[in-house]
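Reviewing the structure listed below.
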Amino acid sequence: MLGFLTARQAGLDDPLRLRRAESTRRVLNLELNHDRDVDRIHSNGVNTIDIEVIEGRYMLSGGADGVIVVYDLENNSGKPQYTCKAVCTVGRSSRYVHRFSVETVQWYPHDTGMFVSSSFDKTMKVWDTETLKPAEVFQFEGNVYCHHMSPIARKHSLIAVGTKDQKVQLCDLKSGSRIQVLQGESHTHPPTHPYVLLYFTDSRVLVWDVRRASGSLFSLDQHNGDKSKASSEAVNTAHNGRVNGLCFTVDGLYLLTTGTDDRMRLWNSANGKNTLVNYGKVSNESRKGLKITVSHSCSPEFVFVPCGSSVAVYTLHTGELVTMLRGHYNNVDCCQFHPDYQELYSGGKDCNILAWVPIVRPPDVEEEGTAAKQGVIRPGSPEAWS
């Protein structure tokens with residue numbers, strides 16, 4: 001690390017190289033932090049968490065009990081041991097609380113004054129963070145499994161909503177109405193294109209441009225067009241089992257998918273080609289959607305995947321299993337990477353949210369007497385003055 005610092009100060013290296021090296025070191029040293037707790041508010045499993053990108057300070061969580069919690073992640077105690085307190089809660093006593101399980105929560109990408117939640121009670125609610133009252137409520141005919149807003153869209157305020165009837169409905173925040181229906185179930189937007197939407201239904205993943213409802217642009221094919229391997233399949237499939245997880249890399253160049261066939265695949269988002277990275281068996285028995293996440297500013301990049309009661313950490317482009325983060329007492333449903341501090345938060349059916357934090361590097365202290373034994377005189381010592 002001293003070499004990176006010296007090279008940066010001398011102008012020999014790009015400062016980003018030092019940042020990547022230190023970010024990578026921190027991710028490789030993630031451990032369960034016993035000095036940091038997160039308030040246990042949920043009485044049932046934690047389905048979804050989201051950290052806002054404006055300050056990187058506040059975290060949302062939604063649980064199977066229908067409760068929504070906002071946490072403050074900042075340590076203002078001045079002590080290494082502290083608890084991330086719940087700032088506010090939409091609990092069972094609130095008249096606005098979801099009646100059934102909350103499946104997805106998401107901060108509004110451009111302002112922490114608003115967030116959105118969706119639930120099995122067939123509603124999606126747009127919340128005012130200050131008053132904790134819904135500014136808008138969208139009602140649907142079936143359970144809502146997922147919703148997503150584009151992180152970069154400026155010219156539209158559409159929210160894609162996946163429901164039980166395998167239709168993605170586009171809701172407009174400005175007008176408060178549903179304007180379009182696509183055939184699909186759960187979905188996500190790439191971080192580089194505000195009008196492109198990816199969604200999955202059963203074993204298929206389709207790419208759609210929301211400006212045209214006539215049909216999808218293309219579908220992901222695990223065999224890359226090799227019909228001999230596809231055997232008798234009439235349509236392209238991304239997995240042999242049900243797809244239950246989607247995640248883009250930060251630069252939007254690649255897409256990760258997980259399926260109940262115990263496989264995870266990495267796709268080129270520009271042409272939809274399977275990169276054929278082998279992650280081995282990625283155990284996946286979840287009947288609901290899994291929230292996976294990727295690292296930021298690392299070399300190589302890493303992907304964090306709920307795997308039973310653990311979180312598996314893989315290198316993105318080689319498929320190597322780096323480590324298994326163990327600490328939950330039951331299955332993990334979601335995880336979220338904090339890019340500012342290279343920390344990971346995970347939520348599971350044990351009602352806990354755990355914080356995984358890099359190990360602090362021990363100080364390089366030279367033992368007293370080592371220099372004397374080697375015949376080395378330190379500058380400023382009595383021997384040096386004499």
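Quick note: numbers below take in every heavy atom, side chains included, and nothing from hydrogens, waters or symmetry partners.
- Looking at N143 and K122, their side chains never bring a donor and an acceptor atom within 3.5 Å of each other.
- Scored by the ring pair (Phe, Tyr, Trp, His ring centres under 6.0 Å) test, Y254 finds H317 as partners (sequence neighbours excluded).
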side-chain contact (heavy atoms from CB on, under 4.5 Å) assessment of T260 paired with E285: CA-CA 6 Å; T260 55; E285 298 178 356; over 6 Å; no
CA sep, side-chain torsions, deciding dist, call: T89, V67, side-chain contact (heavy atoms from CB on, under 4.5 Å): CA-CA 7 Å; T89 304; V67 173; 3.6 Å; yes
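- The shortest side-chain heavy-atom distance between H148 and I159 does not fall under the 4.5 Å cut-off.
- Residues G347 and I49 come closest through the heavy atom pair N-CD1, 4.4 Å.
- Contact annotation: the side chain of L32 never approaches that of L325 to less than 4.5 Å [non-hydrogen atoms, C-beta and beyond].
- With contacts defined as side-chain heavy-atom distances shorter than 4.5 Å, the pair L266/L255 does not qualify.
- Within the structure, ring pair (Phe, Tyr, Trp, His ring centres under 6.0 Å) contacts touching residues 259-282 (residues at least two apart or in different chains) are Y279-Y314.
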Side-chain atoms of residues 79-88: list all donor-acceptor pairs with protein atoms under 3.5 Å, sequence neighbours left out, distances to 0.1 Å.
unit_1: Y82; atom_1: OH; unit_2: R36; atom_2: NE; d: 3.1
unit_1: Y82; atom_1: OH; unit_2: L73; atom_2: O; d: 3.3

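- Judged by distance alone, the side chain of D39 and the main-chain N or O of I41 form no donor-acceptor pair under 3.5 Å.
- Annotation: side chain of N352 is in contact with side chain of R40 (closest heavy-atom distance under 4.5 Å).
- Under the 3.5 Å distance criterion, the side-chain polar atoms of D202 are left unmatched by any main-chain donor or acceptor of R204.
- For E136, the side-chain contact (heavy atoms from CB on, under 4.5 Å) partners are V126, F138, not counting sequence neighbours.
- The closest donor-acceptor contact from the side chain of N244 to the backbone of G289 lies at 3.5 Å or more, if one exists at all.
- Side-chain contact between L316 and L256: present, with at least one pair of heavy atoms (C-beta onward) separated by less than 4.5 Å.
- Shown here for A238 and V243, the closest heavy-atom pair between the two residues is CB-CG2, 4.5 Å.
- Here the straight-line distance linking atom OG of S299 with atom CZ of R19 works out to 13.0 Å at 0.5 Å rounding.
- In this structure, the side chain to side chain donor-acceptor pair (under 3.5 Å) partners of S295, at least two apart in sequence or on a different chain, are E301.
- In this structure, K288 and N47 approach most closely via the heavy-atom pair NZ-OD1, 3.0 Å.
- Evaluation of the side-chain contact (heavy atoms from CB on, under 4.5 Å) rule for E52 yields I54, E55, R57, Y58, W107, T112 as partners, not counting sequence neighbours.
- With rounding to the nearest 0.5 angstrom, the CG atom of N224 is 5.5 Å from the CG atom of L276.
- Between the R92 side chain and the D65 main chain, a donor and an acceptor come within less than 3.5 Å of each other.
- Counting only distance, with no hydrogens or angles, the side chain of D221 and the backbone of G225 share a donor-acceptor pair below 3.5 Å.
- Rounding to the nearest 0.5 Å places SG of C247 at 10.0 Å from CE of M264.
- Side-chain contact of T237 with Q222: a donor-acceptor pair under 3.5 Å is present, judged by distance alone.
- Cluster note: V357 groups with no other residue, as no ILVMFWY side-chain heavy atom lies under 4.5 Å from it.
- Taking 4.5 Å as the limit, some side-chain heavy atom of I292 sits within range of a side-chain heavy atom of P306.
- Taking CG of N236 as the reference point, atom CZ of F218 lies at 11.0 Å (rounded to 0.5 Å).
- When the options E22, R26, R25 are evaluated for a side-chain hydrogen bond (donor to acceptor under 3.5 Å, both in side chains) with Q342, the one that passes is R26.
- Every side-chain contact (heavy atoms from CB on, under 4.5 Å) that P134 has, sequence neighbours left out, goes to Y96, K125, W127, V137.
- You'll find the side chain of V282 reaches within 4.5 Å of the side chain of V305, heavy atoms only.
- In this structure, the side chain of S94 does not engage the main chain of V90 through any donor-acceptor pair within 3.5 Å.
- Partners of T318 under the side chain to side chain donor-acceptor pair (under 3.5 Å) rule, at least two apart in sequence or in another chain, are T315.
- Shortest non-hydrogen contact noted between T293 and L344 is CG2-CD1, 3.9 Å.
- With hydrogens and angles ignored, the 3.5 Å screen pairs a side-chain donor or acceptor of N284 with a backbone N or O of G259.
- Applying the ring pair (Phe, Tyr, Trp, His ring centres under 6.0 Å) test to every pair with at least one member in residues 334-355, sequence neighbours left out, gives these pairs: F304-F337, H338-Y341.
- Listed by first and then second residue, the ring pair (Phe, Tyr, Trp, His ring centres under 6.0 Å) pairs that reach into residues 21-46 come to none, sequence neighbours excluded.
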H296/S23 under side-chain hydrogen bond (donor to acceptor under 3.5 Å, both in side chains): CA gap, chis, key distance, verdict: CA-CA 8 Å; H296 189 285; S23 296; over 6 Å; no
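- Under a 3.5 Å cut-off, the side chain of E130 and the backbone N or O of G113 do not form any donor-acceptor pair.
- Around CD of Q139, the count of heavy atoms belonging to other residues, nucleotides or ligands within 6.0 Å exceeds 12.
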From CA spacing to verdict: side-chain contact (heavy atoms from CB on, under 4.5 Å), D172, S157: CA-CA 6 Å; D172 190 353; S157 55; 3.1 Å; yes
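- A ring-centre distance under 6.0 Å is not found for H98 and F100.
- The backbone N or O of L253 sits less than 3.5 Å from a side-chain atom of S269, completing a donor-acceptor pair.
- A distance of 8.5 Å separates SG of C307 from CG of L321, quoted to the nearest 0.5 Å.
- Side-chain contact annotation: H239 with T257, donor-acceptor N/O pair under 3.5 Å present.
- Donor-acceptor pairing under 3.5 Å is recorded for the side chains of E103 and S101.
- Legend: residues meeting side-chain contact (heavy atoms from CB on, under 4.5 Å) with K349, ordered by chain and number and at least two apart, are N330, N331, D333.
- The closest side-chain heavy-atom distance from I353 to M59 is below 4.5 Å.
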side-chain contact (heavy atoms from CB on, under 4.5 Å) between M124 and C171, intermediate numbers included: CA-CA 10 Å; M124 180 183 71; C171 300; 4.2 Å; yes
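- The closest donor-acceptor contact from the side chain of T129 to the backbone of M114 lies under 3.5 Å.
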